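The model shown is predicted, which means the values in this text are computed figures rather than measured ones. Order of the sequence lines fixes the chain letters, A, B, ..., with proteins taken first and strands second; residue numbering starts at 1 for each chain.
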Amino acid sequence: MPTDLVDAMSPATAPPGLPRLGAAGWLRWVWRQLTSMRVALMLLTLLAVVAVPGSLLPQRPQDPAAVARWIAENPGAGAWLDRLGFFDVFASPWFSAVYLLLFASLVGCIVPRIAAHARALRAAPPRAPRRFERFAVRDEVVTTASADDVLAAARAALAGPVRRLPRFRVVEGVEDSGTRTLSAERGYLRETGNLLFHLALVALLVAVAVGQLFHYRGQAIVVEGRGFANSVTDYDTFVAGTAFDPGSLVPFTLTLDEMVAEFAPDGRPVEFRAAVTVREPGAHPAPRPAVVRLNDPLEIGGAKVYLQGNGYAPEVTVRDAAGEVAFAGAVPFLPEDDVYTSRGVIKVPDVSTGDQLGLVGYLLPTAVVGEMGAASVHPDPAAPLLVLTLWRGDLGLDTGVPQNVYELDTARMTQVLEADGTPTTILVQPGETVELPDGLGTLTWDGLPRFAALDLRHDPALGGVLAGAIAALVGLGLSLFTPRRRIWVRATEVSGTGVREAGVGGTGVREGGPGQRTVVGLAGLARGDDLGLPAELARVADAVRALGEAAAVVAGDVGSAGDGTAPQRSAGARDDEGRGDGPG
Amino acid sequence: MGLGELSTVLVWGAATAYAVAFVAFAVDLARLADARAGGRAAGGASAVGGDEGAVEGADVAAADRESVTVAAGPRPGRAAPGAGFAPPATAGGDATARGEGRRRAAGIAMAVTVLGLALHLAGVVLRGVAAGRVPWANMYEFTLVGSLVAVATFVALTRWRDVRFLGAIVLGLAVLALGLALAVFYLPADPVRPILQSYWLVIHVSIATIASGLFTVSFAASALQLLKDSRDAGSPRVGGPRWRMLDALPPTADLEALAFRITAVGFVLWTFTIMAGAIWAEHSWGRYWGWDPKETWSFVVWLVYAAYLHARTTAGWSGRRAAWFVVVGYATVLFNFTGVNLFFQGKHTYAEL
Ligand code: HEM
C-alpha cells in the first residue's frame with residue numbers, strides 16, 4: 001500500500017521514514033519511493049509528456065520517407081534527434097523507461113494492496129467510534145423501542161431484502177457501558193474493481209508484448225486473375241516478431257477474381273471489395289469463394305486478410321529493337337491521389353540486344369489532355385492514358401542490392417531526350433502499339449486489370465489484448481461507481497427518569513417500562529465523494545423511526561433529534577454523557 | 001431549402017439562443033454577487049437568500065476540521081459532497097424562495113438554453129437525415145454533437161442540483177464551438193466514405209463525442225474551483241469587485257466534488273472510446289494500435305485524466321493541484337479534437353475540413 005495514499009477508510013499511515021544507511025536501506029527507500037502514489041502520479045504525467053514528440057515528429061515505423069525528408073531539411077537537429085530516438089519515440093529507451101518504471105511501480109503498488117484487500121474481505125467492519133458528532137453525515141433518533149428492536153430494524157434496513165446478497169456486512173457489539181452498537185460496511189467491490197483494473201493493465205501490456213514477439217504481417221499486391229501463396233517469399237514486404245517461426249505459415253493460396261471499386265459521378269469512393277478464391281490445405285481442400293471488404297477482413301489459416309488499397313495494373317508487352325518480346329505482364333501503378341493518378345515503372349531487363357529499358361510515368365484513368373499537359377479527372381477508367389518517359393542503360397538488377405519495384409534506379413541509365421533536351425514523352429491508349437523513340441522497340445497496351453493491395457496479419461495475442469481491455473473497463477467501472485460506505489449505529493437505553501415526554505405524531509408506543517427510551521445515534525462515512533451517503537443513512541434512520549419516535553429530550557443531554565426527515569448535519573448535536581468519552 | 005440547409009439554419013438559431021443565454025447567465029452571476037455584497041452589508045452572509053452555499057460550506061468546513069482528529073474521519077479538506085448546491089426542488093426552503101426573485105436572469109437563461117438545445121438537437125437530427133447516416137463523420141459534425149452533449153449534460157445536471165452557475169462557462173464554450181463550426185469547419189451534408197461505413201463509427205465516435213461534452217462541463221467546474229480558490233486565498237488577480245461573482249458560487253470542495261463526478265463518467269467513456277477505436281482500427285486497418293497522431297493524443301488525454309484520478313487520492317495533491325489536471329486534460333481534449341486534425345498527417349485525416 002503506498003504510504004501517501006489518502007484513504008478515508010484506513011488509519012493514517014506514517015510518512016516514509018528517512019532511509020537507513022546501507023545498500024539494503026537505500027534499496028528499500030528507492031522501492032518505497034517508486035511505489036508511492038506521488039511517483040505513480042508523476043510517471044503517469046511524464047508518460048503523457050514523452051508521448052507528445054511521437055505525434056509532432058514523423059515516425060519511422062509509420063512513415064520512413066517523411067523521416068528522411070525531415071532529416072534532410074533539418075540536417076543539424078535531424079541527426080541529433082535521430083540519435084536520441086525522436087523518430088521512433090515509442091521504441092526509444094526513454095519512452096520505454098518511463099512506462100516500464102510505471103508498470104514496476106504499478107506492480108509494487110498493487111501486490112501489497114491485494115494482500116490488504118484479501119484481509120479486509122475477511123475482516124469484520126471496524127467497531128463503532130464512541131463519538132459521532134465529528135462525522136459530517138450523522139443522525140440521531142430517540143425511540144420508544146428497545147435497543148434490541150432498534151438493532152434488528154437497522155440490521156434489516158442495512159442488509160436489504162435479499163438474504164444471500166446483503167447490501168452491507170453487519171456486526172453487532174456491546175460496550176462496557178451497555179450501549180449496543182452496530183457496524184456495517186458495503187462496497188468491497190470498489191477495491192476489488194480497482195485491483196482488477198490495475199492488474200488488467202499489466203495483463204494488457206503482457207499480451208501486447210507477446211503479440212509483438214509472435215506476430216507477423218505481410219503485404220502483397222495481387223492483380224486480378226492472379227494468385228498469391230502464403231509464404232514469406234510471396235510477400236512484397238514481410239515483418240515478423242523475433243519469436244515467429246516461418247514454418248508456421250499456413251500455406252493457403254488466394255486468387256483475386258475481381259477487384260470492385262465503385263465511385264460516384266463526382267469521384268467520391270462508394271464501395272471497394274475484392275472477390276477472391278481461397279484454397280486452404282487440409283481440412284477444406286476445395287476452393288471456396290470469399291470477399292474482402294474495407295472494415296471486414298477475411299480470416300484464413302489463422303491470419304486475417306485486409307483490403308488496404310487498390311489501383312490499376314496496365315498489362316503491357318514490350319518488344320525490343322529486334323522485335324523479340326522483352327517483357328509482358330501487368331504492372332501495378334500506385335495511385336497518388338483521389339482521382340487515381342497513378343505512378344509506375346516498367347522495367348525491361350530481358351532485351352535480346354542493346355540496352356536494358358526502363359519506362360517511368362503515370363497512368364491517368366480518365367485523362368483530359370489540355371495545354372498544360374494531361375490530367376485525370378475521375379478514378380474510373382473512362383479514358384485511360386499512359387504518359388511515360390524512357391530510360392536506357394543498366395537497370396542495376398544484377399548488383400545484388402534488392403530493388404524497389406516501384407522505383408527506377410537511374411544511376412546507370414540515361415533518359416531518352418528530344419532534340420531540345422526535354423524528355424521524350426510517350427502517350428499510349430489501351431489496345432495501341434507505339435514505337436519507342438530511337439528505334440528501341442515497341443510497346444503494346446493490352447489490358448487494364450485492377451490490383452488489390454492486401455495486408456495479411458496474424459497476432460496470436462489479440463484475444464488476450466481484448467480480454468485485458470474488457471477487464472480493465474469493468475474494473476474501472478466498479479472502482480469508480482461502487483460506493484464504499486460504513487455506517488455505525490449506537491443504541492443506548494435510558495431509563496424513564498429525567499425524560500420529558502413529548503410524543504410526536506402520536507407515536508406513543510411504549511416498550512419496556514414507562515418512560516423507557518432508546519437514544520440511537522447513526523453515523524456514515526464514505527470513501528471519496530459520495531452523494532448517496534446521506535440518503536443511505538436516512539434510510540436506516542427511517543427504519544428506526546418507524547419503530548415509534550419519541551421526540552423526548554433529556555434536558556441538556558441529548559441534542560435535538562432533527563426534523564425527522566433528513567439526516568442532521570449541523571454541528572448542533574452535542575455529546576451524550578451516557579456514551580463514554582474515550583477515543584473511538 | 002433542402003434538409004441540410006434547414007439543419008444549418010437551426011444550428012444558427014441554437015448558436016444565437018446560446019449567446020443570449022450566455023449573457024443572461026453572466027448577468028445572473030453578477031447579480032448574485034451584488035446581492036451577496038448587499039446582504040453582507042445588511043448584516044451577514046447567513047441572511048442572504050439563495051446563498052446557502054456559504055452557510056453550509058462553513059458548516060461543512062467546521063465538521064471537517066473536527067474530523068481530522070478522528071482516526072477514521074473523512075479525509076481532510078473533503079467536504080460532505082453536494083453540500084453547497086441543493087437539489088433544485090428543495091433549494092433551501094424560504095431562504096431561496098426569497099432569492100428566486102433576484103435570479104430572474106438565471107430563469108430566462110435556462111429557458112433560452114433549453115430552447116437552444118431543442119433547436120440544436122433538431123439541427124443535428126436533420127443533418128443526419130440529410131446525409132443519410134449518423135451525423136458525426138467530420139469536424140463540423142463532431143463539433144455540433146460535442147457541444148450538444150455539453151449543453152445537454154449541463155441542463156440535465158440542473159434538474160438534479162442547482163448548478164446554474166456553470167451556465168456562463170458551458171454556454172460560452174458552446175457559442176464558441178458552434179461559431180467555429182459554422183464559420184470554419186462547415187461542410188455540406190454528404191454521404192460518408194467507404195472506410196467510415198462501419199457500426200464502429202456509430203459507437204466509437206458517439207461515445208468520444210459524449211465524453212468530450214462531459215469533459216467540457218467538468219472543465220467548467222474545475223476552472224471555477226480554481227478561480228474561487230484563488231479568490232478565497234486572497235489572490236489580487238481575482239480579488240477585485242469584478243470577480244465578486246465568485247463569492248456566490250458553492251464552496252470549492254463542492255465544485256471539486258462535482259468536477260470529479262463528471263470527470264469520472266467522462267473518463268470511463270473515454271477509456272471505452274479508445275478501446276472501441278482500437279477494435280475498429282483492427283478491423284479496418286489491420287492493427288489495433290499504431291501511434292497515429294490521433295491515437296497518440298487520445299492516449300495523452302487518457303493519461304492526464306488518469307493522473308487526475310490519482311492526484312485526488314494522493315496526499316498533498318488533491319484540491320487545487322488536482323483541478324489543474326482537469327484544466328490540462330481539457331486542453332488536451334481540445335487539441336486532440338482540433339489541432340491533431342488540422343496540423344498532423346495521420347490515418348484520421350478523413351476527419352476532413
Ligand atoms: C499504468 C499506470 C496506471 C494507470 C493508467 C492507473 C489508472 C488509475 C485510475 C484510472 C484510477 C481511478 C480508479 C479509482 O479512482 O478508483 C486509479 C486508482 C488508483 N491507482 Fe492507479 N493507475 C496506474 C498506476 C498506478 C500505480 C503505479 C499505483 C501505485 C502507486 C496506483 C495506485 C492507485 C490507487 C491506490 C488507486 C485508488 C485510488 C482510490 O482510492 O480511489 N496506480 N488508477
Chain A contact via [X] - which portion, at a heavy-atom distance below 4.5 Å:
| X | answer |
| --- | --- |
| B/Trp317 | side chain |
| B/Phe272 | both |
| B/Val301 | neither |
| B/Ile279 | side chain |

query = Going through the distances and angles, do B/Trp291 and A/Phe95 end up as a ring pair (Phe, Tyr, Trp, His ring centres under 6.0 Å)?
reply = CA-CA 13 Å; B/Trp291 296 111; A/Phe95 185 83; 5.8 Å; yes
Does any heavy atom of chain B fall under 4.5 Å from the side chain of [X], the backbone, both, or neither of them?
| X | value |
| --- | --- |
| A/Gln62 | side chain |
| A/Leu533 | neither |
| A/Asp63 | neither |
| A/Val305 | neither |
| A/Leu456 | neither |
| A/Arg293 | neither |

message = How long is the straight-line distance from CD of A/Glu271 back to CG of A/Leu294, given to the nearest 0.5 Å?
response = 8.5 Å
inquiry  = Nearest 0.5 angstrom please: A/Arg485 CZ to A/Leu525 CG, how far?
reply    = 11.5 Å
query = Less than 4.0 Å between a side-chain N and a carboxylate O, is that true for B/Glu256 and B/Arg320?
reply = no
query = Between B/Trp324 and B/Tyr308, does a ring pair (Phe, Tyr, Trp, His ring centres under 6.0 Å) hold up when you go through it step by step?
reply = CA-CA 8 Å; B/Trp324 275 110; B/Tyr308 163 72; over 10 Å; no
request  = Can you see which heavy atom on B/Val300 is nearest to which on B/Thr332, and at what distance?
outcome  = CG1-CG2, 4.1 Å
ask   = Can A/Arg457 be said to sit on top of A/Tyr306's aromatic six-ring, NZ or CZ under 6.0 Å from centre and within 45° of the ring axis?
value = no
